[in-house]
Amino acid sequence: PPFALNRKKEYGNVNAAGYVEWLMPFAGEIRRVLRDDGSFVLDLGGTWNKGVPTRSLYHYEVALALTRNLFHLAQEFYWYNPSKLPSPAEWVTVRRIRVKDAVNTVWWFSKTEHPDADNRRVLTAYSESMEKLLENGYKAKQRPSGWDISENFSRRHEGAIPPNLLRIANTESNGQYQRACREAGLKVHPARFPYGLPEFFVRFLTRPGETVLDCFAGSNVTGRVSEDLERRWIVCELSEEYLAGSRFRFGDMAAPA
DNA sequence: ATGTTACCCGAAACAGAATG
DNA sequence: CATTCTGTTTCGGGTAACAT
């Protein structure tokens, strides 16, 4: 959904005060259509209290409200976008009393305590040092921190289990969607997901043939990802112009209706 | 009193082209 | 094929000046 930014984007943002009240009706409907073992993933960027260099707690208020009686919090993730600009400028680059804000919280909610999930679908390559460790062997013993590390630790699996910090740069500049929008004179959506973000959660939390819903679709990266991963998908978007542009993600180069 | 616009400030990543 | 270069992108904030 749109974040509670002080500087509004062209699609219009909601203020931090009242954000929970605004979001709750959507959350209720999402719960209604969600399978019992389904997941609800919510990407919420942070924001600042107007006029002062202190942080709003609105995204935590959202999490508290949603876990009161609608959802369980399965896990929280952080999307780290290393290519974020050093902003907000007033506090970060002018007065230099804060550092740049480069993570979004991504809340993973579920209807029951055991949503369908499998981290073997999102394994990553082993790090260089883990590769060395697997090559040279590993001495099983109790570590100083108290961890009991067994021989099993030197077994090579299919890959490394990812952390809940997702490092995904958002720098795409010349994709099919952007080029086609420019040619057609349609506005490029000003806040798109990098492909890898929805990809991670669709892989992790759904299986082929299952259905993904994005009710704040924007330029429909989620739909494109779901299509590629052979999931069924349904998206909603308020702006017909963004929806028209999103058709370019599917090779539909005809002038959108 | 309230809304609008211009201005200011700056770091890193990455795709794709060019070069070695 | 590996490296280097080029162009483009990124869910901002306050403030001053001006308009309604």
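Below, chain A is the first sequence line, B the second, and so on; all start at residue 1. Computed from a predicted model, the values in this text were never measured in an experiment. All heavy atoms count here, side chains included; hydrogens, waters and symmetry mates do not.
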Legend entry - A:Arg121 NZ/CZ over A:Phe204 ring centroid, <6.0 Å and within 45° of normal: no

Inset, instruction - Select one nucleotide: of C:dT10, B:dA13, C:dG13, the one nearest the side-chain heavy atoms of A:Asn81. - result: C:dT10

Inset, instruction - Sort out the partner of B:dG10 for me: Watson-Crick or G-U wobble, both distances under 3.5 Å, none otherwise. - result: none

Legend entry - Nucleotide opposite C:dC11 in a Watson-Crick or G-U pair, distances under 3.5 Å: none

Inset, instruction - Measure the acute angle between the ring planes of A:Tyr11 and A:His189, then classify it against the limits of 30° and 60° as parallel, tilted or perpendicular. - result: parallel

Inset, instruction - Name every residue in residues 44-53 of chain A that has at least one heavy atom under 4.0 Å from any atom of DNA chain C, in order of residue number, or write none if there are no such residues. - result: A:Thr47, A:Trp48, A:Lys50, A:Gly51

Legend entry - Plane angle bin for A:Phe26 and A:Trp22 - parallel if under 30°, tilted between 30 and 60°, otherwise perpendicular: tilted

Legend entry - Nearest-neighbour nucleotide for the A:Phe3 side chain, C:dT15, C:dC11, B:dA11 considered: C:dC11

Legend entry - For atom CZ of A:Arg7 and atom P of B:dG3, their distance in whole Å: 15 Å

Inset, instruction - Could you tell me whether the side chain of A:Thr171 has a donor or acceptor atom within less than 3.5 Å of a complementary atom in the base of B:dC14? - result: no

Inset, instruction - Could you work out which one of C:dT10, C:dG13, C:dC11 sits closest to the side chain of A:Arg192? - result: C:dT10

Legend entry - Within the 6.0 Å centroid threshold, strictly below: A:Trp79 and A:Phe201: no

Quick test: give all pairs of protein nitrogen or oxygen and nucleotides 1-6 of chain C nitrogen or oxygen below 3.5 Å, distance rounded to 0.1 Å.
none

